[in-house]
Structures are given as structure tokens and as C-alpha cells.
Amino acid sequence: MRLAFILGEIGSGLRRNLSMVISVVLVTFVSLTFVGAAGMLQMQINQMKGYWYDKVQVAIFLCNDSSTATGCASGAVTKEQQDNLAKMLDSPAVKQYISDYQFESQAEAFKHFKEQFSNSPIVDSVTQDQLPASFRINMKNPEKYQIISETFSSQAGVETVSDQRQVLERIFEWMNGASVAAMVVAGIMIFCAVLLITTTIRLSAFSRRRETGIMRLVGASKTVIQLPFILEGVIAAVVGAVLASGTLWLVAQFWLNGDLSKQFLNTPFISSAQVLVIAPVLIALGGGLAGISSLLTLRRYLKV
Amino acid sequence: MIRFENVTKVYDPNARPALDAVNLEIDRGEFTFLVGASGSGKSTFLRLILKEDRATSGSVYVAGQNVANISSWRVPKLRRGIGVVFQDFRLLPQKNVFANVAFAMQVIGKSRSIIRETVPEVLKTVGLEGKERRMPHELSGGEQQRVAIARAVVNRPGILLADEPTGNLDPITSMGIMGVLDKINQNGTTVVMATHDDDIVNEMRKRVVELRNGVVVRDEARALYTSMIPVVGESRRMKDASDAEIDRAQGVQQ
């Protein structure tokens, strides 16, 4: 009986305040979409990290005829220098950090270069001896790059030690920046949503002050008086959260795994199923915020 | 049933108290008129019983319980034992007569079958049988007040507080309302009625408590609206002071 009564009260409250309720739905929808987008970007970063970090290598580029680095003062790398470097890579001090390495000769480097830039006219202007030979190292732990760099960059015959991770890191930094920006927008929008929910609940309480006044007088409990108002806010916010989750799912399903994955074949995109992990978080966040802000509003504007 | 022990209520520390050291006891089943000019403290008296306000000093006991000791989450329970009727009826305009009375039972969680059984009974008590489906705007003032009374007593409270229930009604309709209140009182409910209506008080011949500037200046059984006892001593001094104040106020108005 009491449940039916509370549900009826909620229904009439939502109907009376329809335009305000719709605006609450839309504002929470937009703000939570931004929160979810930030979350998706973070998931995407993690996914790409996991995928790429297994593949990235540290390269020790050796001097060639045209090298200008200080370690290359004596010209192109000699056979002894190269053997010496290979010996160092096999020594236990270095070996504990690397899982394996390959030597890439100038001829192989030239072949890879031609494959990589097969569509570009630059291939015609590059000759084999302009490219450096290199040791390609797979690290056990990519974080330990610094040790390899310190050990080898000052060795004779080494032009430079480069970490492919650093290139990726720059992309990730950019994506991180984007997700932070999304969070900032989300924060502002959530603030708007909270203010709007507060105003809506205040209006709702004001338009039903006759009912609540009588409820108070005949001894209705605080729960019966306040719950319909709180649930009104929560329901509107949860509807917004569901819409936001749906939108993010559509983005993942049809944009990331549709258009984008066709354009970037070797980039691992997050699946639409992974987005569903974000949905409960958004719903809890929307409902929680609405509940708390309604409760605080009622404490001020609805005396019991 | 209701006991005031040296109760003082101060709203504004710079003005005189709304109630000043009031001592009063109203027994179970009694019918009491609370009379006095506007601002004499009648409404404050009723508000303190409902714990709408807190006494500045002294204690208010309702049904043997000091209301100051009732925690805020148990205040609803206190109010379930008290029915209230106002001058302006306070019905819900979009609900019909039945729904208005049923509302008071719904919000405290009574079952639908009990509501369907009780509401017609109460409507019969207040003389509104057959008007369950009417909307408030289709009723006369007297009928609307009967609905309000029905709503106030439908949960069988031990106390009924009426704050000028006949203030908006003509004398004949008012007598009808008094008949309803009397009937409820006969059924064992303690009734406290604040009023200005001298005809009614004189007709009913019940206990009369007169407040003047927050002080009880008269408490008489089976009394009239105006005192039959000459005012003497301290009360006399206060009466003169308040008369002077009333004269001044009227002078300002003119």
C-alpha cells in the first residue's frame, strides 16, 4: 500500500515537472557521456599499451659512413666494435634485462625501409649505406630501457640508442590529455546537473507543499514524505545515465569497431562489450549524485 | 492529556513572549475553548502541542510524554495521535472527498481494505454520506470543513486541535460544525478549539481558557466568551495594560 502510494506520488511529481525532469535527464546524459568517454579513452590507452609494449624494441643504431654523432668520430662501425657490442649483449650484466636480440645489417635495414615506404618517392633517393645497421633488442621489462641506453650509448661504434616506447608514450600522453579534458568538461557538466537537480527538487517540493504539509500533520514518516522527491531526481538521473551508456556503446560498436578499425587495421580498439563495464559506474554515479543532492535540498526546503 | 508546566515561548528576544509562564492541564475527553485576541498566544499554544515549535522554557506534556524528549524521527508518531483542523480547511483541490480523507490513511501506510471500510464511516460521522465523489470546489464551506474534520479524525487520534474552524463560516453553518466537533468529543476525543466566535462559546457552555498577551487570564468550566468573574489583582493590571495596547493599536489603524 505504502509502496503503491509512493510510486503514485513519484508519477504525479514527474508529470507535473515534466520540462524540468527532461532537462535533468539531458544534462546528466551529456555530463555522463563525457565521463564515460574519458573512461573509454583510458581503457583504449591501456589496451594499446598492452598490445604495443610487447612488440616495441630498443634499437642500438651503429655508425655508418655519414654518421655525425661523437661516438662515430672514427667513421663507420668496425667488425671488432660490432663483435664487442654483441659480446656485451651476451654478458650476464646485460642479459638479465633482455629476452633476445637480433642484428639487422644495412642490407636488411634497406630492405625493411623499402617495404615500409614502398609508396613513397623517398625510396629512390636513399641508398643502402645511408642507413645504419642496428641491434634490435626485446626487453624483458621495457621500463629498464635506461640501463641499456646508459651502457651502450657511450660505446665506440654506437650512433644512438633509441626506444620505440618513447614514440608511443607521446601518443599516449596525447590521449591522456584528451581524457583529462573530457573529465574537466564532465566535471563542469556534473556541477550543472547537480544545480539543476537541486532546483528541480525545490520546485517539486514547492508545488506539492499542500500535500506535504498535510502529510506532516497526519504523522506521515520522513521517509514517506521525502522518498518520492528523492526518487524523482534519482529516476531522472538514471535515465540520463542509461542514455549516456547507450550512446557510448553505439560509439564503440559502430565507430571504433566499424569505421575506425577498418582505417587502422593494426590498432586494437576496445570492444563494445568492454564499454558495458562503464555503464554500471555511470548509472551509480548519476543515481548517487541525484540522491545526495535531492536529500540535501529537501533537508533545507522540506521541513518534516 | 495535555499539560503545560510553566511554559514560555519567545520568538523575538526584544518583544514580549508569545506565551509567558503558562500552566494548564486539559484532561482526557475534555472540550476546551481557547479564546483571546489575535496575538494572544492561541496558535503558539497549539503549535507547541504538535511540536512544530520548541518551548523556550518549561515543559509540554502530551499523553503523559514530555514533547521535548521526543526525538525528531518519532515526532510523526506524536502527530498521529493528534488531529488538526484549520480555518482555511486545507483540502487537496484535485482529490475528491473520499480521496482527501483516505490520503491521511494512505500516508501512514494503512491497507486499502481498512481505508475502504473506515472512510465512509467517518464521512457518516461528519454528516457527508453520499458525497464521497464530490470535488472540494463543489462543496460549501461548511461541507469542506466537515471533510477536513473527517480527515483529522480518520486515524482516531486522542486529541483534536481546531484553530478557528468556524472563522470562515456563517453562524448557522458554524453551529453545524460545532455539532460535529461535539459528537467527536462525545466519542472520547479530547478537543481543544481556538476561537474568536463568542456566539459559539456562549452556546456550548464548555471550559473556557482565555489568553491575553501570552498569559492565561481566565480558566472557567461551563463558561461564556466574556468573563463573568470580575478581573482583579495581577490579572486586572495585565488586562488594563493589554486594553491600553489594543486601544493604541486601533488608534494607529485609524
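Residue numbers start from 1 in every chain, and the chains themselves are labelled A, B, ... in the order their sequence lines are given, proteins ahead of strands.
- In this structure, the portion of L91(B) lying under 4.5 Å from any heavy atom of chain A is its backbone and not its side chain.
- Geometric assessment of R133(B) against the ring of F98(B) yields a positive cation-pi assignment under the 6.0 Å and 45° thresholds.
- The contact between I108(B) and chain A is made by backbone and side chain atoms together, counting heavy-atom distances below 4.5 Å.
- At least one side-chain heavy atom of V216(B) sits under 4.5 Å from a side-chain heavy atom of L211(B).
- When each of K77(B), M105(B), R151(B) is scored by its heavy-atom pairs under 4.5 Å with chain A, the top score falls to R151(B).
- Neither the backbone nor the side chain of P157(B) comes within less than 4.5 Å of any heavy atom of chain A.
- Under 3.5 Å, the side chains of R208(A) and S204(A) contain a donor-acceptor pair of N or O atoms.
- Classification of K9(B) and E52(B) as a salt-bridged pair fails, no side-chain N sitting under 4.0 Å from a carboxylate O.
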